[in-house]
Amino acid sequence: MSDTGTLEALVQALRRLPGVGVKSASRMAFHLLQNDREGAELLSRALHEASSRVRHCERCHTFTENPVCDTCLDDGRDAARLCVVETPADQAALERTGAYKGYYYVLMGRLSPLDGIGPRDIGVQQLLQRASDGVVQEVILATNFTAEGEATAHVISEALQRKGVGFTRLARGVPIGSELEYVDLGTIAHALADRR
Ligand SMILES: [Zn+2]
């Protein structure tokens, strides 16, 4: 490698982060190497550990270090309800309301044809299998109230309908264009109670 090849490789690696262009990637690399070697080591170890240990839960698809996550292992939950959310952060928002006691399915994304993210990428087939296990009575579509979240809910609801699985959508009240993660707890709890 050339004299600065290693540095260049670091900048290119940092550019893989969302929203990071060549300028900020260079700034980060410079900062780590010039001012914070300890931080650089920490980051490197944490990245290595996480990428080798974190995987997807076999039941709900969220991140976990075990085959099945803690939420799915909690047998005090209502197995007849399955709530579909886009991200672990949205799931956490619903959990904080304390108004929901069922299980979850985490899409780990949303449909986004422009970015090449289709039903396969968000595990719709897996979700359908889970939802038609005979135990689930109601799938609650709690994707975000953004254009992509609505489109995702629509596609899933059509598939559920074909399978004859009952579903509801969070009620309006959650502002249009918003992500659950940033909505206050009372509003989410209402949207959950008024679902239809
Ligand atoms: Zn799980």
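Every heavy atom of this structure was used, including side-chain atoms; hydrogens, water molecules and symmetry mates were not. Values in this document were obtained by computation on a predicted structure and should not be read as measured data. Numbering starts at 1 and runs along the sequence shown. In listed order, ligands and their atoms are each counted from 1.
Within the structure, the salt bridge (charged side-chain N to carboxylate O under 4.0 Å, His left out) test picks out no pair touching residues 23-47 (sequence neighbours left out).
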Validation: residues 116-128 side-chain donor-acceptor distances under 3.5 Å, sequence neighbours left out:
| from | atom 1 | to | atom 2 | distance (Å) |
| --- | --- | --- | --- | --- |
| Asp121 | OD2 | Gly118 | N | 2.8 |

Side chains of residues 154-171: which donor-acceptor partners sit under 3.5 Å, not counting sequence neighbours?
| from | atom 1 | to | atom 2 | distance (Å) |
| --- | --- | --- | --- | --- |
| His154 | NE2 | Glu158 | OE2 | 3.4 |
| Ser157 | OG | Ala153 | O | 3.2 |
| Ser157 | OG | His154 | O | 2.8 |
| Thr168 | OG1 | Glu138 | OE2 | 2.7 |
| Arg169 | NH1 | Leu141 | O | 2.9 |
| Arg169 | NH1 | Thr143 | O | 2.9 |
| Arg169 | NH1 | Thr143 | OG1 | 3.4 |
| Arg169 | NH2 | Thr143 | O | 3.3 |
| Arg169 | NH2 | Asn144 | O | 3.4 |
| Arg169 | NH2 | Glu150 | OE1 | 3.1 |

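Salt-bridge formation is detected for the pair Arg77/Glu95: a Lys NZ or Arg NE/NH1/NH2 atom is positioned less than 4.0 Å from an Asp or Glu carboxylate oxygen.
Thr71 places a side-chain heavy atom less than 4.5 Å from the side chain of Tyr104.
Distances from the Zn ion (ligand 1) under 2.8 Å pick out these protein N/O/S atoms: Cys57 SG, Cys60 SG, Cys69 SG, Cys72 SG.
Between the SG atom in Cys72 and the OH atom in Tyr103 there is a gap of 7.5 Å [rounded to 0.5 Å].
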